[in-house]
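Naming convention: chains lettered A, B, ... in sequence-line order (proteins, then strands); numbering from 1 in each chain.
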Amino acid sequence: MLNEGEVRIPSGCAISGIIDRTGCRFNGNDIIKSITLMHERSNGLGGGFAAYGIYPEYKNFYALHIFYDDFNIKTETDKLLFQYFDIAKDEAIPTQRLSTITNQPIIWRYFVVPKTSQLQDKRISDNDFIFNCVMKINKDYNGAYVFSSGKNMGAFKGVGYPEDIGKFYMLETYEAYMWTAHGRFPTNTPGWWGGAHPFTLLDWSVVHNGEISSYDTNRRFVEMSGYICNLQTDTEVITYLFDLLIRKHKLPINKAIQILVAPFWSEIEKLGNTIKNDLKCLRSVYSSALINGPFSIIVGCNNGMIALNDRIKLRPLIAATKGSKVYVSSEESAIRIICNNPEKIWAPKGGEPVIVLLEKEQI
Amino acid sequence: MSLDFNVPSFEVIRNEKKCIQCKVCIHQCSNMVHVYDEEDAVVYSNNNKCVNCHRCVTLCPTEALLIREYPLEFRKNTNWTRQAIKEIYKQAQSGGVLLSSMGTPKTFPIYWDKLLLNASQVTNPSIDPLREPMETKIFIGRKPNKLDFDNEGKLVTVMPPQVELNVPIMFSAMSYGSISKNAHEALARAATELGTCYNTGEGGLNKAFYKYGKNTIVQVASGRFGVHKEYLNAGVAIEIKIGQGAKPGIGGHLPGKKVGEDVSATRMIPIGSDAISPAPHHDIYSIEDLRQLIFSLKETTRYSKPIFVKIAAVHNAAAIASGIARAGADAIVIDGLRGGTGAAPTRIRDNVGIPIELALASIDQRLNEEGIRNSVSLIVAGSIRNSSDIVKAIALGADAVYIGSAALIALGCHMCHSCSTGKCNWGIATQEPFLVKRLNPEIMYKRLVNLITAWNHEIQEMLGGMGINAVDSLRGNRLMLRGIGLNAKELQILGVKHAGE
């Protein structure tokens, strides 16, 4: 049977996210509790978390989290890493042994900055250097997989129920100002750790519930800009779309959203001339970046969080606020279990984003 | 039967019991097949002249007529077929090049029929276009790589001109001359009502039709017939015709007998003179020359209209398309092997070029690999027969399709493949006033509107089934396709998996 990455596997899921917009940090207990409540929405074939603000002591370093199949490939990959980067620290990511988590790969993290000489040679930015390096390892180093590459953030994921994955990585020992979580229900048994969510690139992380029917159109579009879709998952391509539109094309978040979940033409026709013209341009230039099919996603980055539904809301998404915290989840119950009496709780409309930016940038 | 050795192609069978000798068939047939014998007071038929256009059959009030293939059998021989033998008789008699009309009847593979579409089940809900929005609007034209906004959120990128289409279907180039004025009017009015475009072809634009300019694409071909500044500015886009799927590598020929007063004025040539389009544009002998023509046209229209470049699908189409995109074209039109024509040399039509599906797949792939697919639009033509052909074309990478034969069939064409005779009984491919007036544009444009409306609804149903609610998300979405009965090489070129994979 083909592994994930060699074949496209649709999946349904549960997602949850919490952010404190003041940047105040809290441990992983709440997010685990929230995603655990939605146990029925996953089937034990994938769970994961993204946490932002967890590495303040290394906040100027890119934290590379890498899965290795064996030590041979680690040795080989290390050669590349030590050639390209100044490495402040590298270590096994702490985990605890659980009967429910089996077949784990070697899980390592590196805190790195590109060597100045490397950057000068290649005349590219830090981010692009990391981007190229991640693409290279994931494509050419068979058995090595970079699953997290941002600053002061990290992804923790694997094959299992999300609550077990949370325990396995001991997330109660990390403190973050933003947590997202994912429980997976794939329609196949890939059994590969890299296939779990969140999917990340640089400081982007995406957890996703849904199956996008525009996958191949989106894939071809991002591949023209140098992205390589190794995993053939919807989440991977969504992450690349965000990176392409916001980081590379420098589009404001709201414009990017208007591309990804574009307003319907019937709505656009009702608007004033300037905004109508802008939207026509956005939709025609970026028509291949429209995400179609049912989905709800939570996107994390160092500025904050974006939660988003498809244009006709074919997947659940609930949001709530209390104090400085904002909660988003597939189910209301998964918010209420960690947030008594939210001040506001609502179901965002299809295509209507929930954007929560940090009050001051954390990095 | 006569000494030209040829035997009739069709046999007219008249049911004498049903025939009331009303003479409708006689009046309707421009080929003079039916004759009334005054002495015997009977109507009889000259089989030899019949082209099987169904006009008499359709209009016979008592259903007394039937046309069928002439039943005379040649001795069975898979090599020397009836057609092969008849063509030799014809050429031995005339000494001329064999001429044919419409698309090739040969049995080349039709890949549309070997591709299957996907639909949602369980993991992804299908969408009902009668309940939910289902978008088929597209924009044809060059797209910048990215859009830039200033700090106030104001768009600073200057957007190149675009043609906005409500449906991804346009009417392809058919010149005034090759088809009648009434046929053109029906196309123009239908395009206007549908929010799409028709194409003038290379015969210029009749003054009466300038008012449909917002839905008109004007064509510039090698003969430059009817091309002047006002014409170039009359439509929403200009198409440079380099080649045509039915006759790659050769020009065109409108016989002088079709050049009446009005066609003469529109084409800007003398009445009765043959209109011969040379095989190449004599100012385009290479890609850099094409660039000059593209930019001459852009200058003439002050950069307000996209420039399309139309080529026939030939072996090296992918590299040529890449060159066209880099030469500054805003849209590339590919016309496939099975595309139609008013008249083409038979040997060319039946032997030159490649199927549109393979050309489209390889061009889209090539432009993607070069990172320039998003900067140009890709329009395909050449025997698009129905809405599922269109869905498959878009999934293979097309932005839109052109339809020619299908539009003419909606206007009454019965595919008798005799356009070049100029005697079209349906008033389509003719300039004879008594035939032209048989095509009432007031009635016929509605049939075109009906056809495209129906197809668009079918497209929406298929999109909805795939869980897609905008045609944008279908373009290049080859995962929605599976091949059936195709070999590994074909699958590789089409970029699709086999059914079951």
Side-chain angles (χ1 to χ4, degrees), chain A residues 7-12 185-187 210-221 223-226 232 244-245 248-252 254-255 259 262 264-269 274-275 277-295 310-312 314-315 350, chain B residues 118 120 122-127 131-141 143-149 151 153-155 157 159 162 164 166 364-365 367-375 377 394-395 397 399 463 466-481 495 501:
Chain A
V7 65
R8 204 174 110 80
I9 298 164
S11 58
F185 200 135
T187 54
E211 181 190 345
I212 59 175
S213 47
S214 55
Y215 173 79
D216 221 22
T217 299
N218 301 145
R219 176 186 65 80
R220 290 169 77 80
F221 181 67
E223 281 185 351
M224 278 200 290
S225 298
Q232 303 191 38
L244 175 67
L245 298 180
K248 289 199 171 170
H249 288 188
K250 299 187 169 46
L251 288 164
N254 66 332
K255 304 286 180 204
I259 289 166
F264 286 102
W265 289 116
S266 53
E267 298 299 316
I268 291 173
E269 288 305 327
T274 315
I275 177 79
N277 181 56
D278 282 7
L279 284 166
K280 276 192 176 183
C281 292
L282 284 168
R283 281 205 66 174
S284 61
V285 171
Y286 291 103
S287 63
S288 295
L290 175 71
I291 307 177
N292 225 309
F295 69 87
D310 64 86
R311 306 199 293 170
I312 52 176
L314 294 171
R315 286 290 154 96
Chain B
N118 196 24
S120 308
V122 184
T123 56
N124 187 344
S126 41
I127 304 167
R131 293 165 186 270
E132 305 280 353
M134 188 61 68
E135 303 183 318
T136 55
K137 188 191 285 294
I138 58 156
F139 290 82
I140 301 289
K143 312 290 189 297
N145 282 337
K146 65 193 205 57
L147 290 176
D148 291 315
F149 291 85
N151 289 337
K154 194 165 164 279
L155 182 64
T157 307
M159 192 69 179
Q162 304 290 318
E164 182 176 335
N166 286 336
D364 178 69
Q365 182 62 25
L367 297 180
N368 248 293
E369 284 165 8
E370 294 186 17
I372 54 174
R373 172 62 188 90
N374 205 43
S375 59
S377 298
I394 296 173
D399 287 271
L463 284 177
M466 291 183 242
I468 289 174
N469 59 14
V471 73
D472 317 47
S473 300
L474 178 66
R475 190 178 51 248
N477 199 338
R478 298 189 193 182
L479 267 184
M480 292 297 171
L481 298 172
E501 271 190 287

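Counting heavy-atom pairs closer than 4.5 Å to chain B, the top-ranked of the candidates A/Ala289, A/Ser287, A/Ser214 is A/Ser287. Contact count against chain B (heavy-atom pairs under 4.5 Å) is highest for A/Cys281 among A/Ser225, A/Cys281, A/Gly293. Across B/Gly371, B/Gly141, B/Ser375, B/Gly476, the residue that shares the most heavy-atom pairs under 4.5 angstrom with chain A is B/Gly476. Contact count against chain A (heavy-atom pairs under 4.5 Å) is highest for B/Leu147 among B/Leu474, B/Leu147, B/Asn374, B/Val122. Looking only at heavy-atom pairs under 4.5 Å with chain B, the residue among A/Glu223, A/Lys255, A/Lys250 that has the most is A/Lys255.
Remark: the backbone N or O of A/Ser213 is paired with a side-chain donor or acceptor of B/Asn477 at under 3.5 angstrom. Judged by distance alone, the side chain of A/Asp216 and the main-chain N or O of B/Arg478 form a donor-acceptor pair under 3.5 Å. Put simply, the side chain of B/Glu135 gets close to the backbone of A/Trp265: a donor and an acceptor are under 3.5 Å apart.
Proximity to chain A is absent for every atom of B/Ile138, based on heavy atoms less than 4.5 angstrom apart. Neither the backbone nor the side chain of A/Leu245 comes within less than 4.5 Å of any heavy atom of chain B. Heavy atoms of B/Glu164 lying under 4.5 Å from chain A belong exclusively to its side chain. The contact between B/Met159 and chain A is made entirely by side chain atoms (from C-beta outward), counting heavy-atom distances below 4.5 Å. For a residue to count as touching a neighbouring chain, one of its non-hydrogen atoms must lie under 4.5 Å from one of that chain's; by this rule B/Asn118 does not touch chain A.
Within the 4.5 Å cutoff, side-chain heavy atoms of B/Lys146 are placed close to those of A/Tyr286.
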